[in-house]
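What follows is one structure encoded as structure tokens, with my remarks underneath.
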Protein chains: 4
Amino acid sequence: MPTPPNPLRRNESSRRAILDAALQLCAEDGYGRLTIEAIAARAGVSKKTIYRWWPSKGAVILEAIDDMADLFADHVDTGDLAADLHTQLSAVIELLTPPNNSAVTGLIAEALHDKELANDLRERLIRPRITAFKDRMRIAQAGGQLPPDADLDVALDLIYGPVYHRLLFHLGMPDAEQLRTLIAHALRGIQPA
Amino acid sequence: MPTPPNPLRRNESSRRAILDAALQLCAEDGYGRLTIEAIAARAGVSKKTIYRWWPSKGAVILEAIDDMADLFADHVDTGDLAADLHTQLSAVIELLTPPNNSAVTGLIAEALHDKELANDLRERLIRPRITAFKDRMRIAQAGGQLPPDADLDVALDLIYGPVYHRLLFHLGMPDAEQLRTLIAHALRGIQPA
Amino acid sequence: MPTPPNPLRRNESSRRAILDAALQLCAEDGYGRLTIEAIAARAGVSKKTIYRWWPSKGAVILEAIDDMADLFADHVDTGDLAADLHTQLSAVIELLTPPNNSAVTGLIAEALHDKELANDLRERLIRPRITAFKDRMRIAQAGGQLPPDADLDVALDLIYGPVYHRLLFHLGMPDAEQLRTLIAHALRGIQPA
Amino acid sequence: MPTPPNPLRRNESSRRAILDAALQLCAEDGYGRLTIEAIAARAGVSKKTIYRWWPSKGAVILEAIDDMADLFADHVDTGDLAADLHTQLSAVIELLTPPNNSAVTGLIAEALHDKELANDLRERLIRPRITAFKDRMRIAQAGGQLPPDADLDVALDLIYGPVYHRLLFHLGMPDAEQLRTLIAHALRGIQPA
DNA sequence: CCGTAAGCGAGACGGTACGTCAAGTCTTGCT
DNA sequence: AGCAAGACTTGACGTACCGTCTCGCTTACGG
């Protein structure tokens, strides 16, 4: 009977070594060349230990990224909505651009054909940012910088969509100026009919 | 010296069999389970023949998709810009939704870590659609439905971004009504400052 | 670093299955058609397991033959030297004649261009027989059937040489009577000057 | 209908280029690494041309060796039988010892599992030497150096056997002195009962 | 405080696919 | 028709990782 492992007896130092090794290797060779074998070897850990706690290499990377708490910088509130969005999007873009992009884009790619992983990725990494984003937008609504009946789902699409569209087809990430323009247009688009 | 193969002597029927087999297998088992071995077996072709003409399974799928000319339906001009965009985006969404999505999303995922493939994908599949899109937009400008100084790159971002953002994080593709709303907001956002 | 495998953890049943499969296939299709692939399939074993423990198919066959301890019948002592040599040589000839010859002659052929294998073959299979042969000859010397100063290396050449000469050029193995004649002449040749 | 090729229209310069390339490559990389591909490339010849005229790489090498007329030096007659045999055997040993041995031992090895090739090898290369050997022995018989009823087949076995026995198991070729001893003993063994 | 059951490292195992190599066949265009 | 060139199918090569599976060990818990 394969009893599920007991989290209480888990070896925390192995866990850290695995997550660190995974990120290192990802940075060195790219997500594509990342293998469980290599993670185990680098971490000085048995493959069995990895398989005991994670279902796939994607899950390892996801946890590793999740552990680095504020990779996607949280939404700040300086009172200037466009500026705050610019700050936040710049952080996201940073993550999606070499040399930092390997782990995150690899994870995104894998999630495209792994439904389980996709769900985990969305719930653990993306959803909280969406929530933070909408919170910031609601503050803007309360402060009158945004119409109270603006559709925040549409806002999400217009603000974040461009970044990922460009990521997917290697169309080039916007620089600071282009980003400013994009945000301005997106905010204009949010106005309700 | 490994001389490059001579395209003139290429066996066209093998080429077709390979592309067809690749698409079939992709539809049956998903891009993730697609292997060069299996394509060769299904196509009744030697692995060598595949490796002779393509550098990776992604390249095979790309050519297969490229061969199906109008997968991404071309931009039409009925005179109603919003309706035409709706038509075109619906076709794209169709391609990115089960059960048709395997080949295309698989290709997109692979292109995320394969720079060569990414370039091919962009130049052969994406760029022509972007051009067609901008052509349609210019017609709209000429017809006065769109300001003559609207930034068409921003337009591209706002119109297509949302679809891919939702694809990546499995946020759910917009239905017909949501799509209409999105397009309306995007068109509003395009207005120059 | 490819650490050498740990013999203590070796799976004996895999080892046996591999050796048995190798001999079977050799008998069925001949040494020339023997492949690692086929051995692995027949033995229900992964190719990796074969490569882990043996450097070549020759080495597998060598171990398989070596395992069948007394293939080259040991030298007996009935007191009649010529008769005993006849018995022993008959056993060797048996091994080198269809339908039993495939594994042994295949191994000999491979050893002709593989120095490593040649050394293994000599030390594990041939040397012990040479030693046994010389032991038997020394008994004959002690018993006065052979001059005490006979050169046993020359004896080895004259007794065994003819068999392998005939094997190499398919000149036909000697039958029982021819063998008797050969031995008689060889023994006569051994006499010291 | 695959009509057999017409020898009259054969391109002699291709034939020579092939045989030369085969011997060169054999000397450079050893018989084991010799391939039809490599011969064709080196000779500047199409693979088809090789397959048209020879059934296997062994056959190519056999013809190449056969073409070099007197590889196995012919038997001479100085009047001294032992000395003449020594001369002849030295030439054979030369051929079977590095760095000259690759082609000949490779051919011998291949003939061990290729019956066709074995027959060709025996009839084209070996048989003539056997005949020459027996002719020389008959001269010795006529001259009284050898009993008139000596068994020349046994003689062949005792004289040549040792060399091939040592070749097969890498027991070391005899040096000039050992060879003299061996011949002396063999000649002694030939005496009829 | 001591046995025992878990997690652990190590790494062998049966597999699948990889990308390469050579075999031998076939087609095309040149001489 | 013979030939060079070279694309083709076939099949084996030896390697890389996969995910599963013992092995001893060590570690912490629970009787």
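Each chain gets a letter, A, B and so on, in the order its sequence line appears, and its residues count up from 1. Only heavy atoms go into these numbers, but all of them, side chains included; no hydrogens, no water, no symmetry mates.
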Length of the CD1-C1' vector between A:Ile39 and E:dG9, whole Å = 17 Å
Would you mind reading off the bend of the helix from E:dC1-F:dG31 to E:dT31-F:dA1 from its two end axes, five pairs each, to 10 degrees?
-> 10°
Determine: side-chain N/O of A:Ser14 to OP1/OP2 of E:dG9, distance under 4.0 Å, yes or no.
-> yes
Minimal non-hydrogen separation, D:Leu125 against D:Asp66, with atom names = CD2-OD1, 3.9 Å
Nucleotide by nucleotide, nucleotides 12-18 of chain F touches protein heavy atoms under 4.0 Å in the pattern (B base, S sugar-phosphate only, - none) SBBB-SB
Can you check salt bridge (Lys or Arg N to Asp or Glu O under 4.0 Å) on C:Glu63 and C:Arg15, steps first, answer last?
-> CA-CA 10 Å; C:Glu63 183 162 332; C:Arg15 180 178 165 277; 2.7 Å; yes
Rounding to a whole Å, what distance do you find between D:Arg15:CZ and F:dG2:P?
-> 16 Å
Using distance alone, with no hydrogens and no angle criterion, decide if A:Asn119 and A:Arg122 have a side-chain donor and acceptor under 3.5 Å apart.
-> yes
Is B:Lys57 reaching over with its side chain to a backbone N or O of B:Tyr31, donor-acceptor style, under 3.5 angstrom?
-> yes
Should D:Thr49 be listed as having a side-chain N or O under 4.0 Å from OP1 or OP2 of F:dG2?
-> no
Closest of E:dC13, E:dG7, F:dA5 to the D:Ser46 side chain is F:dA5
What integer distance in Å separates C:Trp53:CH2 from E:dG11:P?
-> 11 Å
note: D:Arg52, atom CZ; E:dT25, atom P; distance rounded to Å ~ 12 Å
Does A:Val45 offer a backbone N or O that forms a donor-acceptor pair with the side chain of A:Thr49 under 3.5 Å?
-> no
If every non-hydrogen atom of D:Ala22 is compared with every non-hydrogen atom of D:Leu34, which pair is closest and at what distance?
-> O-CD1, 4.0 Å
Using 4.0 Å as the upper bound for N to carboxylate O, is an ion pair formed by B:Arg42 and B:Glu37?
-> no
In terms of side-chain heavy atoms of C:Asn11, which of F:dT9, E:dG9, E:dC13 is nearest?
-> E:dC13
Atom-pair distance (CD1 on B:Ile50; P on E:dT20), nearest Å | 13 Å
Value for CD1 (D:Ile65) from SG (D:Cys26), rounded to nearest 0.5 Å, stands at 7.5 Å
Result of checking C:Asp114, C:Leu117, C:Val60 against C:Leu107 for side-chain contact (heavy atoms from CB on, under 4.5 Å) | C:Leu117
Measure from NZ or CZ of D:Arg10 to the centre of the six-membered ring of D:Trp54 and say whether it is under 6.0 Å with the direction within 45° of the ring axis.
-> yes
Would C:Asp67 and C:Arg124 satisfy salt bridge (Lys or Arg N to Asp or Glu O under 4.0 Å), going step by step from the backbone distance to the final call?
-> CA-CA 10 Å; C:Asp67 250 34; C:Arg124 294 175 62 174; 5.8 Å; no
Whole-Å distance, A:Arg42 CZ to E:dG9 C1', equals 18 Å
Check the distance between F:dC8's C1' and B:Arg10's CZ and give it to me in whole angstrom.
-> 13 Å
Sort me out a list of protein N/O and nucleotides 26-31 of chain F N/O pairs below 3.5 Å, or just none if empty.
none

